[in-house]
Amino acid sequence: MTETSIGPQPSDRTITGVPIHLDGVMKQYRGQPKPAVERLDLEIDAGHIVAFVGPSGCGKTTTLKMINRLIEPSEGRILIDGRDVTHVNPDKLRQSIGYVIQSGGLFPHWSVAKNIGAIPRVLRWEKQRIAERTEYLLDLVGLDADTFAHRLPKDMSGGQQQRVGVARALAADPPILLMDEPFGAVDPITRVRLQDSLLGIQQELGKTIVVVTHDFEEATKLGDKVLILSEGGHIEQYAAPEEILANPASEFVEQFIGSGATLAHLTFTRVRDVPHEPVVTAKVGESSQAVLARAHAAGTDWVVVVNDHDHPRAWPTLDEVATKPQVSDYIDRRLPVVARSSTLNDALDTMLAASQGGVLVTDGRGAVIGSLAIDTVMEVIRGQLREARPDEVHLSYVSHAEGTSTDEMPAIVAADEPDEQP
Ligand SMILES: Nc1ncnc2c1ncn2[C@@H]1O[C@H](COP(=O)(O)OP(=O)(O)OP(=O)(O)O)[C@@H](O)[C@H]1O
């Protein structure tokens, strides 16, 4: 029997990150009339994700790059785990700080494994240790090592390259991860998956992560705290997303978060916070008769086909399953899937994009753990909108979603197709 349901959330999170303290940090680029970052004081707690947002040119990237001294501060001190690193060897410093940029920033002529092993090789790790670490990291970021370890970046999708970029940044197990617009170059659905993957990784590892983004919704989803900057690296507000939305510190913040504020509230409710339905799973190659018997016993008329890692591949109806003696290895590329760390906005967007009345829910490693129906999401959204200030209610959002199909899921026809990696 392979019926699964949502398990409890681990409450005792591991923390392997360390605190970062910027003390009166300033950057004046040569030839510029004004400093890009005026005096900046900032405390980032160990094991937290902090998202930097603000208009273009306000100094987000400059601030981020001063933490690993890719940009040298003109004044001030940077303390990592209480130690002043302003004058330590920058190469040594960077070995203890993972760095992820847009599109992954991989070396194009190196295989995935060689890219991931770059820093461990500099640190003179044994070959065997590097190989084991590479396999662990590929699994952590949701890529199959057998399939991807020897590929070149050009033979992978943007999202896959970005996953490798994260694996490479984590290779020497640094306590800090800096990410500069990491998901800026991928399509919205891939972006949601990468965000969820990062949250799953963070749940497991508890690093200190600083992420620069242009997108306030992304900042509220990822950040334990959000830092809103204005020109000159001036701190407009530094607080938990809920606090920023409830009490914007200035007119600048109010304007910056703008009319998205009500919808941003919806990003605080995660898929894991609302009830899910258990699903019946079927392994590829399993006898269809056994699957049908199990599904009938559970009172369901569809099942989720999974691979050896319990990653979902398709969700055929029992009639479709019955057409083959064994469970087909068909991969449904439009299968609506979200992680339990996804927001209800993500879940709704995913359903709308796939024209489905529900989504499958996975854990941080992509294994299916249940399903979520559109009715459940709509009920929560209605409740939240009722609580929101009426002049900010965006009813069109609800009616748009309500206009979509709420048919019994799934409506997808399983058919045999050549197997490809997801
Ligand atoms: N190498 C440089 N030389 C001179 N000025 C620079 C340099 N790099 C950045 N600046 C200036 O410093 C200011 C802050 O730039 P920074 O890249 O940190 O902003 P940002 O908030 O990350 O912007 P964006 O969101 O557009 O990436 C800008 O006015 C920019 O023009």
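Predicted, not measured: the structure shown is a model, and the values here were computed from it. Indexing begins at 1, ligand by ligand and atom by atom, following the structure's order.
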Practice item. May I ask you to check whether over 12 heavy atoms, not counting those of Q32, lie within 6.0 Å of atom CD? Key: yes
Tell me whether the count of non-hydrogen atoms from other residues, nucleotides or ligands lying under 6.0 Å of CD in E231 goes above 12.
no
Review point. Is there a protein heavy atom at a distance of less than 4.0 Å from atom 31 (O) of ligand 1?
Key: no
In this structure, atom 10 (N) of ligand 1 is nearest to the protein heavy atom Y29 CE1, 3.3 Å
Inset, instruction - Kindly check if the number of other-residue, nucleotide or ligand heavy atoms within 6.0 Å of CG (N89) is above 12? - result: yes
State if G54 counts as touching ligand 1 under the rule of any non-hydrogen atom under 4.0 Å. no
among protein heavy atoms, the one nearest atom 19 (O) of ligand 1 is G59 N, 3.3 Å
Honestly, for H214 the part within reach of ligand 1 (heavy atoms, under 4.0 Å) is side chain
A student comparing T62, T61, T63 should find that the heavy atom closest to atom 27 (O) of ligand 1 comes from T61
among protein heavy atoms, the one nearest atom 12 (O) of ligand 1 is A36 CB, 3.3 Å
Take the angle between the ring planes of H311 and H309 and call it parallel below 30°, perpendicular above 60°, tilted in between. tilted
min-distance protein heavy atom vs atom 26 (O) of ligand 1 -> S56 OG, 2.5 Å
Min over P55, G232, G184, G57 of heavy-atom distance to atom 14 (C) of ligand 1 lands on G57
- Should the pair R121 and W110 be classed as cation-pi, given the thresholds of under 6.0 Å to the six-membered ring centre and 45° from the axis? yes
Review point. CD of E135: more than 12 outside heavy atoms within 6.0 angstrom?
Key: no
**Prompt:** Hey, is CD on E72 packed in by over 12 heavy atoms from elsewhere, all under 6.0 Å?
**Reply:** yes
Taking only non-hydrogen atoms of Q32 and a 4.0 Å limit, the atoms of ligand 1 in range are 4 (C), 5 (N)
